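Only a predicted model underlies this, so the values are computations on that prediction, with no experimental measurement involved. One-based numbering along the sequence shown.
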Amino acid sequence: PPPAIDPTLIATASQLEEDAHAGFHQLRDLLGLDVALEIAALFLTEASTTLVNLREAASADRPERLREAAHSLKGSAGGMHLRHLHALASALEHRGRLGSTEGTALLLAELERQFDHVRLVFERHIRDGA
């Protein structure tokens with residue numbers, strides 16, 4: 001059977017939304033609303049590209065590319081205080097560092113699900129300008 005995903009890496013919709021709101025508000029309080037909105041938009045763009053790179057690296061069985069893309073996402077998720085995305089990216093980075101892409105399909109599916117929740121929260125902030 002394929003390896004199961006570590007249950008500590010799975011987050012509920014409400015946990016993810018709470019994370020995303022808290023991360024956005026931390027940025028806003030630190031840097032001001034305009035900069036926080038810019039950074040949130042930039043994060044969404046870059047993370048979307050990184051997710052594509054992660055999928056491509058996994059399907060092409062390129063652990064080094066997987067490690068690099070996951071490391072990039074880990075850093076930006078950490079900067080946004082998105083602890084659940086950060087933990088998943090870290091797990092993917094670890095797989096890549098071990099020289100394997102095996103078992104990454106479940107991690108990637110969970111990462112995409114979590115990113116969708118964060119994206120909706122950030123898009124709402126960006127749309128409402130608040």
Side-chain angles (χ1 to χ4, degrees):
I5 188 169
D6 177 343
T8 63
L9 294 174
I10 297 170
T12 65
S14 61
Q15 286 173 316
L16 294 165
E17 288 168 24
E18 199 176 293
D19 241 19
H21 283 300
F24 181 82
H25 291 136
Q26 255 178 304
L27 273 180
R28 184 197 62 198
D29 296 347
L30 195 64
L31 304 167
L33 179 60
D34 291 345
V35 175
L37 291 169
E38 255 177 67
I39 291 173
L42 187 63
F43 171 77
L44 292 180
T45 302
E46 289 182 352
S48 295
T49 302
T50 303
L51 282 172
V52 171
N53 293 339
L54 282 166
R55 269 196 304 274
E56 287 173 355
S59 65
D61 194 25
R62 303 273 306 273
E64 184 55 29
R65 281 188 56 210
L66 182 83
R67 186 196 62 74
E68 288 169 6
H71 181 77
S72 164
L73 183 62
K74 185 180 83 171
S76 55
M80 299 298 292
H81 307 284
L82 302 168
R83 58 199 166 106
H84 295 97
L85 284 181
H86 181 271
L88 269 171
S90 190
L92 281 161
E93 181 185 26
H94 183 69
R95 288 273 165 88
R97 195 177 293 119
L98 294 175
S100 173
T101 59
E102 199 176 317
T104 54
L106 287 172
L107 289 171
L108 281 169
E110 178 62 12
L111 183 66
E112 288 175 1
R113 186 188 69 79
Q114 290 190 18
F115 177 69
D116 284 341
H117 283 285
V118 169
R119 184 174 46 76
L120 290 172
V121 170
F122 281 3
E123 284 174 350
R124 207 173 313 135
H125 281 291
I126 292 164
R127 186 189 64 232
D128 299 341

Which atom names give the shortest non-hydrogen contact between N53 and A69, and what distance separates them? CB-CB, 4.1 Å
Taking side-chain hydrogen bond (donor to acceptor under 3.5 Å, both in side chains) as the test, write out the residues that go with Q26, two or more places apart. none
More than 12 heavy atoms of other residues, nucleotides or ligands under 6.0 Å from CD of E18: yes or no? no
Should V121 and L33 be regarded as members of a common hydrophobic cluster, given that ILVMFWY residues are connected when their side-chain heavy atoms come within less than 4.5 Å of each other, either directly or indirectly? yes
Please round to the nearest 0.5 Å and tell me the distance separating atom CZ of R95 and atom CG of L107. 5.0 Å
Do we see a donor-acceptor contact under 3.5 Å between the side chains of H125 and H21? yes
Check ion pair E123-R127 (N to O, under 4.0 angstrom): no
I'd like a table of donor-acceptor pairs (distance under 3.5 Å, sequence neighbours excluded) in which one partner is a side-chain atom from residues 70-78, with atom names and distances.
| unit_1 | atom_1 | unit_2 | atom_2 | d |
| --- | --- | --- | --- | --- |
| H71 | ND1 | E93 | OE2 | 2.6 |
| K74 | NZ | E93 | OE1 | 2.7 |
| S76 | OG | S72 | O | 3.4 |
| S76 | OG | L73 | O | 3.3 |

Holding to side-chain hydrogen bond (donor to acceptor under 3.5 Å, both in side chains), I want the full list of residues that pass it with T8, two or more places apart in sequence or in another chain. D6
So, do R62 and T101 sit near enough that their side-chain heavy atoms are less than 4.5 Å apart? no
Under a single-linkage definition using a 4.5 Å side-chain heavy-atom cutoff for Ile, Leu, Val, Met, Phe, Trp and Tyr, are L30 and I126 assigned to the same hydrophobic cluster? yes
Verify side chain to side chain contact (heavy atoms under 4.5 Å, CB included) between F122 and M80, making sure each step is shown before the conclusion. CA-CA 11 Å; F122 281 3; M80 299 298 292; 3.4 Å; yes
Checking the side chain of T49 only, and the main-chain atoms of T45 only, is there a donor and an acceptor separated by less than 3.5 Å? yes
Euclidean distance, L85 CG relative to L51 CG, rounded to 0.5 Å: 8.5 Å
Is atom NE2 of H25 surrounded by more than 12 heavy atoms (other residues, nucleotides or ligands) closer than 6.0 Å? yes
Roughly how far, to the nearest 0.5 Å, is the OG1 atom of T50 from the CG atom of L92? 12.0 Å
Where P63 and S100 come nearest, the two heavy atoms and their spacing: CB-N, 3.5 Å
Stepwise side chain to side chain contact (heavy atoms under 4.5 Å, CB included) check, D19 with H81: CA-CA 7 Å; D19 241 19; H81 307 284; over 6 Å; no
Is a side-chain N or O of S90 found less than 3.5 angstrom from the main chain of H86, in a donor-acceptor match? no
Same apolar cluster (I L V M F W Y, side chains within < 4.5 Å links), V52/V118: no
May I ask you to say whether R113 pairs ionically with D116, meaning some side-chain N is under 4.0 Å from a carboxylate O? no
Show your working on side chain to side chain contact (heavy atoms under 4.5 Å, CB included) between L27 and V35 and close with a plain yes or no. CA-CA 8 Å; L27 273 180; V35 175; over 6 Å; no
If I compare all heavy atoms of A20 with all of L82, which pair ends up nearest, and what's the gap? CA-CD2, 3.7 Å
If Ile, Leu, Val, Met, Phe, Trp and Tyr residues are connected whenever their side-chain heavy atoms lie under 4.5 Å apart, and connections chain through other members, are F43 and L31 in the same group? yes
Run the side chain to side chain contact (heavy atoms under 4.5 Å, CB included) test on F115 and L120 for me, step by step, so that the C-alpha distance in whole Å, both residues' side-chain angles and the decisive distance to 0.1 Å come before the verdict. CA-CA 9 Å; F115 177 69; L120 290 172; over 6 Å; no
side-chain contact (heavy atoms from CB on, under 4.5 Å) partner of H84, the single match among L9, T12, L16: L16
Hey, mind stepping through E68 and R65 against salt bridge (Lys or Arg N to Asp or Glu O under 4.0 Å) and telling me if it holds? CA-CA 5 Å; E68 288 169 6; R65 281 188 56 210; over 6 Å; no
Are there over 12 heavy-atom neighbours, none belonging to R119, within less than 6.0 Å of that residue's CZ? yes
